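Here's the structure we're looking at; comments come further down.
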Amino acid sequence: MKKLGKIALLLLLAATALLLTGLVIFNCITADAKLDKSKLINYGQTITIYDDSEQKIQSSSIEGNRNTVLVCDLKEHTKNAFIASEDRKFYSHNGLNYGRMVKALFKNIASFSFKEGASTISQQLIKNTHLSNDKTLSRKLKEIKLTRQLERAYSKDEILEMYLNTIYFGHSCYGLQSAAKFYFDTDAENLTLTQSATLAGLLTSPNNYSPFKNPEKCLTRRNIVLNSMRECSFISDAEYKKAAEQPLGAVKGSDARGKSYYIDAMFDELEDINLDCYTQLPGCKIYTYMDSEMQKYIEQLEFESDGAVIVTGEDNGVCAYVNTINGAKRQPGSTIKPLLVYAPAIEEGLIHTFTKIEDTKINFGEYCPENYDKKYHGMVTVAQSIAQSYNIPAVKTLNALTIEKAAKYAKKLSVPIDEEDKYLSLALGGMHYGMDIKTLCDAYSTFRKSGMHTTSHFIKKIEDSDGNVIYTDKKQYTRAFSEGTCSLMNEMLIQTAKSGTAKKLKNMPFDVAAKTGTCGNDSGNTDAYATGYTSQHSICVWLGDRDNKKTGVTGGGQCCNILKDVLQELYRTSAPQPLETSSGTVEVDIDRQDYDADGKIILADDISPKLNRLSVKCLKGNEPKQKSSKFSHPTISKPTINVENGTVSIVLCQTYYYLYIIKRDAETIYDGQYIEIFKDTPQCGSHTYSITPYFLSDDKKYFGDEIILEQINIAKENSNPLPPSITQKDWYD
């Protein structure tokens, strides 16, 4: 027993020494940790926004004075939503939940990290107002000390009130009142049960669970919060079931950010930047790419329906932006054709801009595409198909390209392709979820950027309150197409703006490439687009209805008019440089006769006359491989020959530019230009004719093969034949 007592005493002394050592270390590390009450109630931070000229955007500055809310004014279900979601034992612990801390400690040891925080509402308030977001032991110890000080200085309701007035809800919303206004256009004291659960659910990851960015995830998260409230007996099973079946109902408040579409989108982008919303954003300066004059101009544009306009600059920064449907994705219509059909097909060497495609009725199983005008146009070139936005050639081209390859290019262009989109209708913009105009605009910018794709941004850089640059927009480029493919696409889309569906732009005094698109049917349209670009800017215009109601808008109509107005405003004082249409391409001459006759593409013979040459532009490395020899070695179909009344008629097959040598029994009887029917009256007997085509170039004759015709017989004529003599023997034989 004495031995056991000694061991127990030693263990007690060791534990005491360890505890005292821990207390010493704790006090040393947390010596400078002191509760600053002003930080708990000082909501006067500001975020200042600047345009591309580094001028403060006065009308859009976000004054950080957060509207406070009193906890006594809140409904019980609102307070309970946050307690159930964040800290179920809030009213019973002294600021630290030791059980959760022990569990988190073991998990962190197992994972060799500090992922598990076990933070109570009191700890979160301290961390958000006094400490950095670093996951270090020293920071955690300071948090514990400050939390104990907080709990001794304030009541639970006061702590909850300060917490709700400082917590970040995403979209630059600090505090419950700000969030209630932004997400539901109501005051915090009027929040319903489901609204309260939605806002409480945002705290885990405001960007990931935003109802405006990820509504499905937000709904799932809201219902998790409701279930937590049921487990805490804050609501009954019936209340839970009724609330869980309700839609989100989120709607941006009418006063959210002063109705500035650009600033709204800028804050959406800010959510994706990994910055601490409590230590880095308050008091920061955000420098944007906004062209204030251009932004003001597009904001005063009048739409017949809902609408969106985006303008990006030479550096792919967003110069101006308006979007009445909050960046929702829509069907892109025919604007997808150059991106996922024709440019990839050129890049893959399947087509040239002058390749002829038969525009006739076709059935791909159960899919039978039609042109918008319900007509068929026969043999049309790729360039004509793009300019006039014919549907059938686009579907045929995608079928030849394969959907798998189209999806590969979609990924390079950041165009979202769902598994449900992988059908031939994709050639006409048939997409399950669609795409937003910013993605569409960025994809078209790839053509003016010689095939390099990048995502446009609203934010150029961010400085913290001390003037330190904490974020810079660093462009990341991906090669989507070769320079040559982009040169060819530029040329075709310039022609589309001159004589195609975007011909309202034909009088622009500078190069502009454009494409239109319209989604709808005989009863009306749901989406209409006009997208265009110069060497310096890209512009995309969308018109439609937020609820997909039918409208009368078309891509080539009002959309093009708006695009034209924006272009004229952009270049009031100076014109952009011409678009690149030659780099990465090569000009070759093809045989005009073969091309005109059946669309056959072969290089012209070296000695082909000019009139039989058609100069075309190809992607370098994808020039036609086959070369004609019709002039260096003339070839014709075999002529026909017949005899009637002693006259021989030879019907020649017409071949432009050829001369002919006609021989009878090896004797030349004709040497000259083409004649439709050559006639000859030879003496009686058997004769053999031959035809040799040749081409004359610079006094040199290039002969084809001699063609030997069938042998003919000319009988000797006798006008008075004598009857057989009846005296002649065997006369009847």
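Treat the numbers as computed from the prediction; the structure is a model and nothing was measured.
- Within 6.0 Å of NZ on Lys213 lie more than 12 heavy atoms contributed by other residues, nucleotides or ligands.
- Counting non-hydrogen atoms of neighbouring residues, nucleotides and ligands closer than 6.0 angstrom, the NZ atom of Lys506 reaches no more than 12 such neighbours.
- Across every non-hydrogen atom of Val553 and Ser305, the tightest pair is CG1-OG, 4.1 Å.
- More than 12 heavy atoms of other residues, nucleotides or ligands lie within 6.0 Å of NZ in Lys550, so this atom counts as buried by the packing criterion.
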When you look at Thr551 and Leu543, which way does the side-chain contact (heavy atoms from CB on, under 4.5 Å) test go after all the steps? CA-CA 9 Å; Thr551 70; Leu543 294 176; over 6 Å; no

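- Both the sub-6.0 Å distance and the 45° axial angle are satisfied by Lys461 relative to the ring of Tyr287.
- Closest approach of Asp51 to Met290, counting heavy atoms only: CB-O, 3.3 Å.
- Once rounded to the nearest 0.5 Å, the distance linking NE2 of His537 with CG of Asp291 reads 7.0 Å.
- No donor-acceptor pair closer than 3.5 Å links the side chain of Gln177 to the backbone N or O of Asp187.
- The minimum heavy-atom distance linking Leu413 with Ala480 is given by the pair CD2-CB, 3.9 Å.
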Using ring pair (Phe, Tyr, Trp, His ring centres under 6.0 Å), reason through Phe458 and Tyr321 one step at a time and then give a plain yes or no. CA-CA 9 Å; Phe458 294 87; Tyr321 180 77; 5.3 Å; yes

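- The closest side-chain heavy-atom distance from Thr518 to Thr501 is not below 4.5 Å.
- Of all the heavy atoms in Cys560 and Ala530, the pair that sits closest is N-CB, 3.8 Å.
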Check against side-chain contact (heavy atoms from CB on, under 4.5 Å), Phe303 and Trp542: CA-CA 10 Å; Phe303 304 146; Trp542 169 85; over 6 Å; no

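- Taken to the nearest 0.5 Å, the CE atom of Met266 stands 14.0 Å off from the NZ atom of Lys460.
- Annotation for Pro332 and Met431: closest pair CG-SD, 3.5 Å, computed over non-hydrogen atoms.
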Run the numbers on Ser85 and Leu203 for side-chain contact (heavy atoms from CB on, under 4.5 Å), then give the verdict. CA-CA 9 Å; Ser85 175; Leu203 302 187; over 6 Å; no

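- At a threshold of 4.5 Å between non-hydrogen side-chain atoms, the residues Leu563 and Thr516 do not count as touching.
- Considering only heavy atoms from C-beta on, Ile167 stays 4.5 Å or farther from Leu176 through its side chain.
- No side-chain heavy atom of Asp511 sits less than 4.5 Å from a side-chain heavy atom of Thr534.
- Shown here is Asn274, whose CG atom has no more than 12 heavy atoms of other residues, nucleotides or ligands within 6.0 Å.
- Between Phe169 and Leu202, the shortest heavy-atom distance links the atoms O-CD1, 3.8 Å.
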Under the ring pair (Phe, Tyr, Trp, His ring centres under 6.0 Å) rule, what do Phe182 and Phe212 come out as? Steps first, then yes or no, please. CA-CA 11 Å; Phe182 181 81; Phe212 303 126; 5.8 Å; yes

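- Other residues, nucleotides and ligands place more than 12 heavy atoms under 6.0 Å from the CD atom of Gln300.
- Test Ser414, Ser538, Ser456 against Asp442 for side chain to side chain donor-acceptor pair (under 3.5 Å) and you get one pass: Ser456.
- Among residue pairs with one or both ends in residues 470-485, those qualifying as salt bridge (Lys or Arg N to Asp or Glu O under 4.0 Å) are Asp473-Lys475; sequence neighbours excluded.
- For Thr288 (side chain) and Tyr50 (main-chain N/O), a donor-acceptor pair under 3.5 Å exists by modelled atom type.
- In this structure, Gln558 CD and Asp565 CG are separated by 9.5 Å, a value rounded to the nearest 0.5 Å.
- A salt bridge links Lys422 with Glu419: the distance from a Lys NZ or Arg NE/NH1/NH2 to an Asp or Glu carboxylate oxygen falls below 4.0 Å.
- Judged by distance alone, with hydrogens and angles left aside, the side-chain atoms of Ser53 form no donor-acceptor pair with the main-chain N or O of Gln55 at under 3.5 Å.
- By the side chain to side chain contact (heavy atoms under 4.5 Å, CB included) test, Ala320 pairs with Met294, Gln295, Ile298, Val311, sequence neighbours left out.
- Using modelled atom types, one side-chain atom of Thr166 and one backbone atom of Met162 make a donor-acceptor pair closer than 3.5 Å.
- Judged by distance alone, the side chain of Ser535 and the main-chain N or O of Leu579 form no donor-acceptor pair under 3.5 Å.
- Residue Lys412 qualifies as enclosed at atom NZ: its count of foreign heavy atoms under 6.0 Å is above 12.
- Atom CD of Gln568 is surrounded by more than 12 heavy atoms from other residues, nucleotides or ligands within 6.0 Å.
- We find the OG-CG distance between Ser334 and Leu428 to be 6.5 Å, quoted to the nearest 0.5 Å.
- Here ring-ring contact (aromatic ring centres under 6.0 Å, His included) pairs that include residues 462-498, with residues two or more places apart or in two chains, are Tyr409-Phe481, Phe447-Phe481.
- Between Asp268 and Lys438, none of the side-chain N atoms (NZ, or NE/NH1/NH2) sits under 4.0 Å from a carboxylate O, so this pair counts as no salt bridge.
- Residues Glu269 and Val318 are not in side-chain contact: their nearest non-hydrogen atoms beyond the backbone lie 4.5 Å or more apart.
- Contact of the Asn128 side chain with the Tyr168 side chain is not registered, since no non-hydrogen atoms from C-beta on lie closer than 4.5 Å.
- Formation of a donor-acceptor pair under 3.5 Å by the Arg330 side chain with backbone atoms of Ile437 is not found in this model.
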Check step by step if side-chain contact (heavy atoms from CB on, under 4.5 Å) holds for Ile346 and Met489. CA-CA 9 Å; Ile346 290 174; Met489 291 306 304; 4.0 Å; yes

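- Between atom NZ of residue Lys564 and atom CD of residue Glu569 there is a gap of 14.5 Å, rounded to the nearest 0.5 Å.
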For the pair Ser389 and Lys337, evaluate side chain to side chain donor-acceptor pair (under 3.5 Å) and give the outcome as yes or no after the intermediate values. CA-CA 8 Å; Ser389 204; Lys337 294 174 184 175; 3.2 Å; yes

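- Under the 3.5 Å distance criterion, the side-chain polar atoms of Tyr444 are matched with a main-chain donor or acceptor of Thr335.
- Within the 3.5 Å criterion, the main-chain N or O of Pro206 finds no donor-acceptor partner in the side chain of Ser210.
- With a 4.5 Å cut-off on side-chain heavy atoms, Glu86 and Tyr163 count as touching.
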Given Tyr261 and Glu299, is the side chain to side chain donor-acceptor pair (under 3.5 Å) satisfied, shown in steps? CA-CA 9 Å; Tyr261 301 102; Glu299 283 182 355; over 6 Å; no

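- Counting only distance, with no hydrogens or angles, the side chain of Asn490 and the backbone of Glu580 share a donor-acceptor pair below 3.5 Å.
- Within the model, atoms OG of Ser487 and CE of Met492 stand 11.0 Å from one another, a figure rounded to the nearest 0.5 Å.
- Using modelled atom types, no side-chain atom of Asp436 and backbone atom of Gly327 make a donor-acceptor pair closer than 3.5 Å.
- In this structure, the side chains of Ile273 and Ile462 come closer than 4.5 Å at one or more pairs of heavy atoms.
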